[in-house]
J.: 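This is the structure I have questions about; it appears just below.
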There are 2 protein chains.
Amino acid sequence: MRDTEKAFIALRNTLSLYTSISDSTWQAFMTICKFKSVTKHSLLYKIGYTPSSYSYIYKGLVRCFSCDGKGNEYNKVFFDEGKFPGSMTALLTSSPSILSLEALEDTLIIEINFIAYRKLMLKNDELKLFQIYYLEKNWLLAKESREIEFVQNDATARYLCFIDEYSQLTDRLPQYHIASYLGITPTQLSRIKKNI
Amino acid sequence: MRDTEKAFIALRNTLSLYTSISDSTWQAFMTICKFKSVTKHSLLYKIGYTPSSYSYIYKGLVRCFSCDGKGNEYNKVFFDEGKFPGSMTALLTSSPSILSLEALEDTLIIEINFIAYRKLMLKNDELKLFQIYYLEKNWLLAKESREIEFVQNDATARYLCFIDEYSQLTDRLPQYHIASYLGITPTQLSRIKKNI
DNA sequence: TTAACTTATCAACATATGTAAATGAATTCC
DNA sequence: GGAATTCATTTACATATGTTGATAAGTTAA
């Protein structure tokens with residue numbers, strides 16, 4: 001079986017984790033999707049651009065980061081297989097994103113056209129349910145706990161949280177990207193690891 | 001005119017900032033609202049409880065904070081006149097809140113029953129629009145920029161952001177609440193103020 | 001394979017911030 | 001009005017983290 005087919009099967013399985021997806025819903029959904037391959041280090045989208053699609057990761061790894069004016073980057077989330085990287089905010093408000101997405105490995109994705117998805121979702125009850133469950137689980141709750149985790153913990157505790165949350169990614173990610181996620185320098189992360 | 005009436009007029013004006021509110025919408029909306037007075041230092045709701053209403057502040061000041069296990073509190077947002085304090089997350093997901101709300105002054109609010117509001121909103125186009133605009137402006141965008149502000153800036157820069165965003169509140173808030181909002185101790189805030 | 005580059009670790013020093021305790025000003029309470 | 005409490009500031013010291021530069025291991029490219 002080719003990657004394209006396998007990717008679509010994986011996508012349907014992921015949707016089904018949230019709510020049941022009938023064959024007819026799936027047929028309609030597939031027509032607004034496009035399989036795509038992006039090479040390591042390329043950007044799925046850049047700060048300042050208004051994205052027109054979600055992505056679904058079949059294979060690979062993507063980081064989401066913001067930038068300040070001085071050339072520093074700050075990692076916010078990592079997305080691996082089965083996740084939907086993207087700026088929900090930029091999509092919902094059709095405004096330029098304040099975030100960028102970069103592939104950290106050669107990555108296979110399925111692009112889901114955002115406008116077509118909205119149209120389809122608004123007249124399909126299964127997709128409406130998916131949308132609600134997905135938003136609640138992956139955005140509202142995740143954002144709230146990440147914020148609290150960041151505010152309440154020191155860097156060592158945040159590192160332990162990171163290992164807990166991203167155990168399967170700790171060796172796919174370079175140290176300096178982890179450090180940036182934790183809000184510290186690679187030097188400091190090195191010290192923290194030594195102290196544990 | 002009594003406070004109750006003035007509060008309801010203010011509430012209608014606030015709704016109208018987001019979208020137009022017809023008389024019939026307003027009549028229906030008013031029936032799910034209740035005027036209430038809360039004294040300084042009392043809690044609108046506590047961590048662990050599932051809130052059943054939004055509030056609207058007609059007069060007064062409320063802080064939203066989280067707690068860790070060691071008795072420390074962390075301020076997240078301040079709400080003054082015209083704002084809707086509450087944990088959107090807890091309401092949307094009907095889950096126990098991980099946040100508390102405390103009145104920092106004697107405060108006059110209007111409580112809006114959440115379940116009744118959902119019902120009304122889902123069959124009223126004006127309220128649906130209000131809901132979307134309010135969510136986008138006050139939750140998605142605000143949360144995203146607050147997170148970036150916190151991650152990218154040092155404490156001095158965050159203090160300047162705070163003054164900018166909350167200029168009208170800087171002298172209604174005690175230093176130690178501002179310090180907690182900035183993620184530093186009152187001692188450090190004192191030093192920062194001296195250095196500016 | 002060698003050379004060039006990237007990455008992780010470490011050391012030395014600088015800076016930001018926390019902690020604890022003291023002081024004085026402001027506020028609250030009887 | 002005076003006593004008690006709360007709050008902001010300051011000092012001295014401790015700790016966490018940043019910065020810079022060195023080194024060595026690992027990776028990539030010629």
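Order of the sequence lines fixes the chain letters, A, B, ..., with proteins taken first and strands second; residue numbering starts at 1 for each chain.
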J.: Side-chain contact, heavy-atom cut-off 4.5 Å: B:T156 with B:N195?
T.: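 Side-chain contact under 4.5 Å: no.
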J.: When the distance from CG of B:N195 to P of C:dA16 is rounded to whole Å, what number comes out?
T.: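 Value for this atom pair: 8 Å.
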J.: What orientation do B:F162 and B:Y181 show, parallel under 30°, tilted 30 to 60°, or perpendicular over 60°?
T.: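 Correct class here is tilted.
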J.: Between the opening five pairs and the closing five pairs of the helix from C:dT1-D:dA30 to C:dC30-D:dG1, how far apart are the helix axes, to 10°?
T.: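 The helix from C:dT1-D:dA30 to C:dC30-D:dG1 shows an end-to-end axis angle of 50°.
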J.: Specify the residues of residues 169-194 of chain A, ordered by number, for which at least one heavy atom lies under 4.0 angstrom from an atom of DNA chain D.
T.: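 Under 4.0 Å from DNA chain D: A:G183, A:I184, A:T185, A:T187, A:Q188, A:R191.
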J.: Send over the distance from A:H41 NE2 to D:dT27 P, rounded to a whole Å.
T.: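 So the two atoms are 14 Å apart, to the nearest Å.
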J.: Quick one: which of A:F79, A:F78, A:Y159 gives a ring-ring contact (aromatic ring centres under 6.0 Å, His included) with A:Y166?
T.: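 Looking at A:F79, A:F78, A:Y159, the match for A:Y166 under the ring-ring contact (aromatic ring centres under 6.0 Å, His included) is A:F78.
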J.: Without hydrogens or angle criteria, can the side chains of A:Y56 and A:T14 be said to hold a donor-acceptor pair below 3.5 Å?
T.: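 A:Y56 vs A:T14: donor-acceptor pair found between side chains.
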J.: How close or far is atom C1' of D:dT17 from atom CG of B:N153, stated in whole angstroms?
T.: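 Those two atoms, CG and C1', are 17 Å apart.
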J.: About how many Å separate CG of A:N138 and NZ of A:K143, when rounded to the nearest 0.5 Å?
T.: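 That separation rounds to 11.5 Å.
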J.: Show which residues join B:I148 in its hydrophobic cluster (side-chain heavy-atom contacts under 4.5 Å, direct or indirect), or state none.
T.: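 Cluster partners of B:I148: A:I98, A:L99.
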J.: State yes or no: are the ring centers of B:F65 and B:Y74 separated by less than 6.0 Å?
T.: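 B:F65 vs B:Y74: aromatic centres not under 6.0 Å.
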J.: For B:I196 and D:dT9, what is the distance between atoms CD1 and P respectively, to the nearest whole Å?
T.: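 Going from B:I196 (CD1) to D:dT9 (P), I get 12 Å.
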J.: Where does the angle between the aromatic ring planes of A:Y18 and A:F130 fall among parallel (under 30°), tilted (30 to 60°) and perpendicular (over 60°)?
T.: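 It falls in the perpendicular class, over 60°.
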